[in-house]
Amino acid sequence: MQESFDIDPAQIDRFTCGTLRAANVGETVEIKGWVHRRRDLGGLIFIDLRDRYGLTQVVFNPEIHPEPHAIASDVRNEYVLAVTGVVRKRPDGTENPRLPTGEIEIEAETIHVLNTSLTPPFYVNEDGDVDESLRLKYRYLDMRRDRMQKQMILRHRIVKYMRDYLDTRGFIEVETPLLIKSTPEGARDFLVPSSSSPGEFYALPQSPQQMKQLLMIGGYDRYFQIARCFRDEAQRADRQPEFTQLDIEMSFVSQEDVTSLIETLFLEMTEAFTDKKLLFRPFARMTYAEAMDRYGSDRPDLRFGMELQNVGPALAQTGFKAFASVLESGGQVKAIVVPGCGNYTRREIDDLTERAKTLGARGLATIALSDDGLRSPIAKFLTEDEIAALTSGIGAAQGDLVLIVADAPAVVAKVLGGLRDYFGVLLKLADPDVFAYCWIYEFPLLEWDEEGNRWDATHNPFSGFYEEDRPLLDSDPGAVRALQYDLTLNGNEVGGGSIRMHRSEDQQRIFSMMGHSEAAQEERFGAIIHALEYGAPPHGGIAMGIDRFVMLVTGTENIREVIAFPKNQRGADLLFEAPSPVDEQQLIDVGLALRPSNPEKA
RNA sequence: GGAGGCGUGGUGUAGUGGCCUAACAUGCAGCCCUGUCAAGGCUGAGAUCGCGGGUUCGAAUCCCGUCGCUUCCGCCA
């Protein structure tokens, strides 16, 4: 390692590996970075030095500067170097037009190996697929890769855009605690014990919901926060145990005020950060009922059709009575037309039936309009004319596959909506260059919980409702429409919120319908109920999933790609190996004794 | 909790009963090479095919179990 400078350090300007251009030719500079690639030609050695700003070629010439050349001979990928030298125009014909710095190179006069590196377990200098567990175990190397750096930088810009957008509109950012009271509603809480109260627990917030409402009561009428949220539930491709939301709450606002604020923000961000074409401008709007009816989903992907069509009436007129009992008991018979799949084999159709069953169907009726004629297990119950009327009535053509489900409305929606999503991906029906935003609103406030024998909030128990539906709270609670709205994008829910109840008596009434006794309400929700009694202003807000949005903007397959240090599907941190057992003394401190998680096995 | 997919040198893949004494690319090590930029050439090391059991004359390959990762259902907004 060379310890002495041949050049007066005061005369040196430090640059990044991405900034030097032809205009810098002749300057003596220093750059520091990682060895991206080394090309040893025997005489000349070229090293591409990399940092997050780019690549710069350094050339070591043994005839001009033999000492640095000798050091460069032993350098390997991912070594950390400081190199000084003169910026030189590359010889004619050796420029690299693919690099922004490709016109120049640095002729190394000194080289300092700031650190060596083991051979990395995977390529840092290229973008190939690597087993994700390995990437997560060595996340710091993965983060060094170009793709991750681009995604993290883009994420930063998006969050900054949100902050600036809200700041200029008078919003203030307030931090709320991460150690809060556990509540039984919604997702399972992560619990946190503490030595100052052995046997008792904090919970990590599933969202800052109650805190932001208290801020409204406190007079901070325009609040936002980049809020970390925690839910101890199973992971998915788009779900992590801890995730980040843009959390917003406002006083004296209508549903329209909240959605238009967000709509402008997301319109601007889509234009600023993507090349996507906006399918709807302004955003599409659809009631929950319409979304479920037409798409079988409360977050429909509107980039393609394949809508659910009601074939109950058509079938009811025929002599085929198999679906009659379903219709009589309040069920539906609906169909989707899958284009170009009419020649599916028996095996493929069996697989579809299996897929339908995993989605909750009891069965799947199919009509394949194949080249060899019509194939359908229900054909024998219908005349040719009836089938022709049925298929043409829903727009099915030669070569298409018709899928029919008869069941309760919720099951029909779940199954056909799920199959629609499946074919949307399989048949590449959705244009990846399109962003289709849609607001979904008029969600039901409550749904009947069979197991709990009580009403349950579909969103959260603080959502308000349409005043004109108030009488329905007595007569037909399931029909009460919440003042709730979700923003969906290409089949994903990217955010949701509501206008809250701001009167204590309304809030208590809903809690009561949800089966909470007066005492339980006091114990679990006393703080918010009482706060509402002290001049709580009308208020409402929304929370946007930042990870999910960045995932859609970057076009990445899962949420882990846009989180610096994510957990795997089991919720494990493979880098630090968390969660992990703790010392006995730590358990004693917080008053805990462990018991086997599965007593039957133990 | 349930279902599917995957698991083969460091990495990414091929091989799906005998031609496997496991192949290819890349990476790694050594040597050669003064204008490369995915540098090139030569040589070499590196895998008991996730693990355990079974079927078979013979298993990376088939069966059972198990572990890990992942996607979906349940769960979760």
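Lettering of chains follows the sequences in order, A, B, ..., and the numbering in each one begins at 1.
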- Would you mind classifying the nucleic acid contact of A:R90 as base, sugar-phosphate or nothing, using non-hydrogen atoms under 4.0 angstrom? base

- Which nucleotide in the list B:G27, B:G10, B:C75 gets nearest to the side chain of A:T119? B:G27

- Message: Salt bridge or not between A:D48 and A:R39? Use side-chain N to carboxylate O under 4.0 Å.
- Response: yes

- Query: When we call it a touch if two heavy atoms are under 4.0 Å apart, what does A:D131 touch: a base, just sugar-phosphate, or nothing?
  - Reply: sugar-phosphate

- Query: Shortest non-hydrogen contact from A:G33 to A:C17?
  - Reply: CA-SG, 4.4 Å

- Whole-Å gap separating P (B:U70) and CZ (A:R239): 14 Å

- Message: Considering every strand and a 4.0 Å limit on heavy-atom distances, what is the contact class for A:E105: base, sugar-phosphate, or nothing?
- Response: base

- Query: Touch check for A:S133, heavy atoms < 4.0 angstrom, all strands: base, sugar-phosphate only, or nothing?
  - Reply: sugar-phosphate

- Message: Using a 4.0 Å heavy-atom cut-off, does A:G418 contact any base of the nucleic acid, only the sugar-phosphate backbone, or nothing at all?
- Response: nothing

- Task: Name the nucleic acid region contacted by A:N96, choosing base, sugar-phosphate or nothing; use a 4.0 angstrom heavy-atom cut-off, strictly under.
- Result: base

- Reckon A:Q235 touches a base, only the sugar-phosphate, or nothing at all at heavy-atom distances under 4.0 Å? nothing

- Query: Is there a Watson-Crick or G-U wobble partner for B:C6 with both distances under 3.5 Å, and if so, which one is it?
  - Reply: B:G68

- A:E185 versus A:H516, side-chain donor and acceptor atoms under 3.5 Å: yes

- Indicate, yes or no, whether a donor-acceptor pair under 3.5 Å links the base of B:G4 to the side chain of A:R355. no

- Message: Taking 4.0 Å as the cut-off, does a side-chain nitrogen or oxygen of A:R560 come that near to OP1 or OP2 on B:U71?
- Response: yes

- Item | Euclidean distance, atom CZ of residue A:R347 to atom C1' of B:G4 [Å, nearest integer] | 12 Å

- Query: Between A:L403 and A:L352, is any pair of side-chain heavy atoms under 4.5 Å apart?
  - Reply: yes

- Quick one: label A:T458 by what it contacts on the DNA or RNA (base, sugar-phosphate, nothing), any heavy atom closer than 4.0 Å. base

- Task: Kindly give the heavy-atom pair with the smallest separation between A:F465 and A:I510, and that separation in Å.
- Result: CE2-CD1, 4.5 Å

- Message: If I take atom CG in residue A:D232 and atom P in nucleotide B:C76, what distance separates them, rounded to the nearest angstrom?
- Response: 12 Å

- When we call it a touch if two heavy atoms are under 4.0 Å apart, what does A:A237 touch: a base, just sugar-phosphate, or nothing? sugar-phosphate

- Watson-Crick or G-U wobble partner for B:C20, using a 3.5 Å limit on both distances? none

- Message: Regarding A:R570, tell me which of base, sugar-phosphate or nothing describes its non-hydrogen contacts under 4.0 Å with the strands shown.
- Response: sugar-phosphate

- Task: Give A:N568 one of three labels, base, sugar-phosphate or nothing, depending on what nucleic acid heavy atoms sit under 4.0 Å from its own.
- Result: sugar-phosphate

- Item | Donor-acceptor pair present, A:E126 side chain and B:U26 base, under 3.5 Å | no

- Query: May A:F46 be described as stacking on the base of B:U36, applying a 5.5 Å centroid limit and a 30° limit on plane angle?
  - Reply: yes

- Query: Is A:I45 touching bases, backbone alone, or none of the nucleic acid, heavy atoms closer than 4.0 Å?
  - Reply: nothing

- Task: Grab the NZ-C1' distance between A:K414 and B:C76 for me, whole Å please.
- Result: 11 Å

